[in-house]
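Structure record follows, encoded as structure tokens.
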Amino acid sequence: MIVKQLELKNFRNYEKLSLSFDEAINILYGDNAQGKTNILESIFMCATTKSHKSSKDRDIIRLGYDEAHIQMYIEKMGVPHKLDMHLRNGKAKTVAVDGISIRKSSDFFGMMNVVFFSPEDLNIIKNGPAERRKFMDMDLCQLDRLYMHQLSSYNKILLQRNNLLKQSDFAGDIVETIDVWDSQLIACGNEIINSRNQFINDLNSIVGDMHEMISGGKERLMVNYVPNISAQEFERKLKNSFERDFYLKTTTVGPHRDELEFYVGDKDLKTFGSQGQQRTAALALKLAEIELVRETIGEDPILLLDDVLSELDRKRQHFLLDSIEGIQTIITCTGLEEFVGDRKKYNHIYRVENGTVKQ
């Protein structure tokens with residue numbers, strides 16, 4: 001899977017951009033705040049329909065304009081495709097594949113597979129649980145369209161249930177109504193729990209070996225899925241939590257409160273791991289993510305490295321770059337001297353400056 005060409009119009013700080021990519025290593029370099037990450041963001045949006053920054057569409061459209069357009073030419077399983085995405089201020093985005101409109105933008109999800117790696121991802125171990133759930137969900141949504149629909153439905157039902165809890169003054173007013181939402185929440189939630197459990201099992205079949213190689217055989221990583229509630233107990237515990245939920249005006253049990261734990265031996269890396277151990281684990285997770293996509297869809301994903309190499313020491317830099325041989329990779333950095341010096345093969349190198357890209 002490769003991106004052949006990207007065209008942007010009124011996207012972030014790009015009034016107009018047309019950029020072709022090599023099927024191997026592509027480097028975008030330049031000072032900060034010039035537009036390097038915006039290019040990666042547009043590719044990520046074509047894969048997931050969302051910004052990795054969680055930005056609203058109106059914030060992505062170039063200042064002073066009402067619409068932005070992403071057009072991308074890709075090759076998937078050897079077959080060329082054209083992807084179009086229009087962002088419109090105050091309106092839903094519209095998407096098309098090969099000129100055919102897609103009714104729901106969520107159906108666009110998974111048309112291409114990307115793995116995004118940024119300095120923020122290096123902190124996935126020590127950050128809050130929302131970041132770790134996002135890691136699971138982003139991978140699962142790209143690999144399993146049914147999961148994406150279950151997650152979307154769950155989040156909508158959860159919002160409705162929480163709104164009902166917030167708007168009711170007396171518990172008796174909502175007992176009958178909330179049962180309708182509870183049954184739907186349980187049905188979607190159980191599917192999510194089961195899918196996440198399988199995902200972590202699949203991930204562990206890869207990430208331990210990957211981590212062992214990065215650490216020179218010294219350590220082996222294990223990821224533990226810690227569901228807030230088991231599928232078997234969800235219905236009972238959701239009903240038992242009603243009084244607490246009503247008092248707190250929010251739903252206190254469910255997969256929206258799931259967690260991941262990371263262990264090397266019996267050491268919890270979040271609590272007792274050094275920064276180096278946490279970063280090694282994060283790198284192993286990303287490389288395992290690539291392998292999991294490859295095994296699931298039978299093709300390499302597109303790798304987006306957003307200024308992450310400068311955050312890794314020389315050993316981890318080289319391990320990462322050696323591990324991505326043959327994968328289309330688009331790298332952003334502030335200076336070529338950061339890592340190009342003693343490496344032989346780079347294909348396209350572009351300088352990005354104030355919304356313009358030069359080869």
Side-chain angles (χ1 to χ4, degrees), residues 1-75 80-89 93-96 112 114-120 302-311 321 324 327-341 343 345-359:
M1 183 178 303
I2 58 173
V3 177
K4 304 283 285 184
Q5 189 167 335
L6 171 69
E7 296 181 2
L8 301 178
K9 185 176 180 181
N10 297 327
F11 185 94
R12 294 288 192 186
N13 67 329
Y14 289 99
E15 182 177 6
K16 201 169 185 181
L17 174 69
S18 180
L19 188 61
S20 61
F21 295 102
D22 189 87
E23 62 184 19
I25 304 293
N26 302 268
I27 298 175
L28 304 167
Y29 79 98
D31 294 336
N32 291 325
Q34 301 302 302
K36 303 185 302 294
T37 299
N38 297 344
I39 293 172
L40 301 192
E41 181 182 29
S42 68
I43 297 170
F44 187 84
M45 285 194 71
C46 265
T48 68
T49 75
K50 301 179 185 297
S51 165
H52 69 287
K53 301 177 182 178
S54 300
S55 300
K56 296 183 183 301
D57 288 355
R58 65 172 178 267
D59 299 326
I60 296 170
I61 299 170
R62 183 177 169 87
L63 193 64
Y65 293 84
D66 294 323
E67 292 188 9
H69 184 207
I70 308 169
Q71 189 171 82
M72 192 175 301
Y73 296 86
I74 70 168
E75 191 173 287
H81 296 283
K82 183 178 79 168
L83 310 182
D84 282 282
M85 179 176 291
H86 276 95
L87 310 176
R88 301 179 295 173
N89 197 2
K93 63 172 66 71
T94 59
V95 294
M112 57 185 285
V114 299
V115 171
F116 195 102
F117 194 10
S118 72
E120 289 75 21
I302 297 154
L303 180 60
L304 308 176
L305 299 181
D306 188 20
D307 203 25
V308 75
L309 289 167
S310 61
E311 299 292 325
L321 292 170
I324 61 176
I327 299 173
Q328 186 183 43
T329 305
I330 304 171
I331 301 171
T332 69
C333 60
T334 53
L336 293 177
E337 68 282 354
E338 288 175 9
F339 59 92
V340 170
R343 298 194 65 85
K345 188 173 181 182
Y346 291 92
N347 303 84
H348 282 187
I349 299 178
Y350 296 101
R351 176 166 180 81
V352 181
E353 187 173 358
N354 196 27
T356 60
V357 181
K358 300 176 181 177
Q359 191 163 7

| field | Partner of L304 by side chain to side chain contact (heavy atoms under 4.5 Å, CB included), out of V3, V115, I330 | value |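 The passing option is I330.
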| Under the side-chain contact (heavy atoms from CB on, under 4.5 Å) criterion, do I60 and S51 qualify, and how do the steps go? | CA-CA 9 Å; I60 296 170; S51 165; 4.0 Å; yes
| said: Please determine whether side-chain contact (heavy atoms from CB on, under 4.5 Å) holds for the pair I25 and L321, giving the CA-CA distance in whole Å, both sets of side-chain angles, and the decisive distance to 0.1 Å. | reply: CA-CA 10 Å; I25 304 293; L321 292 170; 5.5 Å; no
Quick one: pull up [atom1] in [X] and [atom2] in [Y] and give me the separation to the nearest 0.5 Å.
X	Y	atom1	atom2	result
M45	K53	CE	NZ	11.0 Å
F11	L17	CZ	CG	10.5 Å
D307	I331	CG	CD1	11.0 Å
H69	D84	NE2	CG	4.0 Å
F21	I2	CZ	CD1	11.5 Å
S118	L305	OG	CG	10.0 Å

For [Y], does its backbone N or O pair with a side-chain atom of [X] as donor and acceptor, under 3.5 Å?
X	Y	result
R12	D59	yes
K50	F44	no
R351	Y29	no
K93	M85	no

| message | Determine whether N10 and E67 satisfy the following criterion, side-chain contact (heavy atoms from CB on, under 4.5 Å), listing intermediate values before the conclusion. | response | CA-CA 7 Å; N10 297 327; E67 292 188 9; over 6 Å; no
Are the side chains of [Y] and [X] in contact, using a 4.5 Å heavy-atom criterion?
X	Y	value
Y65	E15	yes
L6	V357	no
L28	Q34	no
N38	L8	no
V114	M112	yes
I349	Q359	no
E23	E75	no
Y73	E7	yes

Closest heavy-atom contact between [X] and [Y]?
X	Y	value
M72	S42	CE-O, 4.0 Å
I61	R88	CD1-C, 3.8 Å
H348	S20	ND1-O, 3.6 Å

| task | Could you list the residues that satisfy side chain to side chain donor-acceptor pair (under 3.5 Å) with D22, not counting sequence neighbours? | result |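 With sequence neighbours excluded, D22 shows a side chain to side chain donor-acceptor pair (under 3.5 Å) to N347, given in chain and number order.
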| Taking only residues two or more places apart in sequence, or in another chain, which ones meet H86 in a side chain to side chain donor-acceptor pair (under 3.5 Å)? |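 Here no residue qualifies.
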| task | Test H52 against L40 for side-chain contact (heavy atoms from CB on, under 4.5 Å), laying out the working first. | result | CA-CA 9 Å; H52 69 287; L40 301 192; 5.7 Å; no
| Short side-chain donor-acceptor distance under 3.5 Å, D306 and T332 |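 Yes, a side-chain donor-acceptor pair sits under 3.5 Å.
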| message | Does atom CD (Q71) have a neighbourhood of more than 12 heavy atoms from anything else shown, all under 6.0 Å? | response |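 More than 12 heavy atoms, drawn from other residues, nucleotides or ligands, come within 6.0 Å of this atom.
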